[in-house]
Amino acid sequence: MSSDFYDFADQLTRLNQQGLYRRRRVTDGPQGILVRVDGKQVINFCSNDYLGLANHPEVAAGFKQAVDRYGVGSGSAHLICGHGSAHHALEEELAEFTGRDRALLFSTGYMANLGVISALVGRNDRVFEDRLNHASLLDGGLLSRARFMRFRHLDGKELQAHLLAHPERTLIVSDGVFSMDGDLADLPVLAALAQQHQAGLLIDDAHGFGVLGRNGGGIVEHFGLAPGDVPILMGTFGKAFGTFGAFVAGSDDLIEILIQKARSYVFTTALPAAIAEATRVSLRLMQTETWRRDKLRFLVARFRAGALQQGLQLMDSFTAIQPVLVGDSQLAVSISQSLLRQGFWVSAIRPPTVPAGTARLRVTFSAEHETQHVDALLDALCKVMT
Ligand SMILES: *Cc1c(COP(=O)(O)O)cnc(C)c1O
C-alpha cells in the first residue's frame, strides 16, 4: 500500500510536537537595533548586521544612485550580458582587500559554497569538513559526489588521521567563524595540514569579514596568515557588509576554473549592479569606520562578563555571535517567546541547525547597540533563565 504523498499535516504536527516547527515573523521598516515585529517595537539581538551597515545612509545612497545609473535588474548571468562595471570594480576591490589575485561574485553565499565545492572536487576525490560547518558547505560536499567525511568540531588530530589514511585528492572545508557557536576554526592547523598533505583548503568566513582583524579582513587577518595559507577564501555580503551576495577570492587560475565550472555561477542571474555598488560603499566603511569593530568588541565583552556572573552557559566565542546554551528545544523556544514579550528579539536555534540536545539562544550584537541595550538584555535573561 502506498502512503499518501500529501500527508503534510501529519509531518507538520510531528515537527510541532518535537519543538522543531519554524515560523517567520514579519518585520516592518529597515534593519536596525530597533525593529517593529508584528506591530510591536523590540530590540533586535538576532541580526547578522554586525557592523550596522544594512541601513547606513552612505550604503543606502550608493544603492539609490546606482539604481539611477544602472536600473534594477542585471538582465542575465555574468557570462551572458549581466557582468557590469560595478560588479567588476567590486571584484577588483575585494581582490585587493583580501590580498589575492582575483575575486568572483556569487548571488548568495549558499550558492557560492555549492558552486565552489562541486566545481573543485568530484567522484574520485574526498571532502573533509568540520562537523559544525554551515549547511551550504555540507550540501556542497554532498552535491560534489566526492567521498564525504566529517571530522569532530575543531579536531585537527582526527582530520590528520583522515588525511593520512586517504591520500586521494582532497579538499578541506571549514567555517572561519562557526555560525551557531561563534568560535573560530584553528586556521593555522588547517593551513599546515593542507600544505603537508597537498590538500585544497576552502574557508568560509561569512561571519569573520568586517568583524575580525584590525582592518576587518576576517579570520585570515586575525591569525596573521598569508593569502597562500588559505588559497580558497569565501565571504558573504549579507552579514557584516550589510548588503546581499557573496564572493570567492583566490588565484587567477582558481577564479578561471570557477567561471568555467561552478554551476551556481554559470546558470544564475547576476546580482543587481546596485547591490554591487552598495557593497563597494560597505567595503570602504568597513575599513575606515574602525570604531564599529571596537564598539562591537566592547559590547561583547560587557555581555560575556554579565552573563558569566549570572551563571549562564556561554560558548567559547569572542565574536559578535554569543550563544546561550539551553539544551531542550521546547525550552529554548519558550524562553525566546518570553524575551520577545518583554521586548527583546533573540532567536532560538534548534536541531537540525545545531546538534540534538544543544538548542540555544543565539544572541548577536551590532556596533549600533548601546551599553544600556546589553544591560537590559542581561536583566531580562536573568529573569527568564535563573
Ligand atoms: C550565511 C552563511 C552562508 C550563506 O550565505 P547567504 O549569502 O546568506 O546565502 C554561508 N556560510 C555561512 C557560514 C553563513 O553563515
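Side chains included, hydrogens not; waters and symmetry mates left out as well; all remaining heavy atoms used. One-based numbering, in listed order, for ligands and for the atoms of each.
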Protein heavy atom at shortest distance from [atom]:
atom: atom 1 (C) of ligand 1; value: Lys239 NZ, 1.4 Å
atom: atom 15 (O) of ligand 1; value: His207 NE2, 2.5 Å
atom: atom 9 (O) of ligand 1; value: Tyr110 N, 2.9 Å
atom: atom 5 (O) of ligand 1; value: Gly109 CA, 3.3 Å
atom: atom 13 (C) of ligand 1; value: Asp204 OD2, 3.3 Å

Sub-4.0 Å heavy-atom approach of Gly238 to ligand 1: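 Per 4.0 Å heavy-atom rule, Gly238 does not contact ligand 1.
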Would you please indicate if the ring centroids of [X] and [Y] are separated by under 6.0 Å?
X: Phe209; Y: Phe237; value: no
X: Phe318; Y: His222; value: yes
X: Phe365; Y: Phe45; value: yes

Any idea which part of Asn113 is under 4.0 Å from ligand 1, heavy-atom wise: side chain, backbone, both or neither?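 Contact part for Asn113 vs ligand 1: side chain (C-beta onward).
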Counting from 1, what ligand 1 atoms have a heavy atom of Thr236 closer than 4.0 Å?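 So the answer, numbered in order with elements, is 5 (O).
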Check: Thr27/Arg25 side-chain N/O donor and acceptor closer than 3.5 Å: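 Note: Thr27 and Arg25 side chains miss the donor-acceptor criterion.
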Ignoring hydrogens and geometry beyond distance, is a side-chain donor-acceptor pair present between Arg69 and Ser85 at under 3.5 Å?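 No, no side-chain donor-acceptor contact under 3.5 Å.
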Evaluate the ring planes of Tyr50 and His207, with Trp represented by its six-membered ring, and classify them as parallel (under 30°), tilted (30 to 60°) or perpendicular (over 60°).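 Tyr50 and His207: tilted rings.
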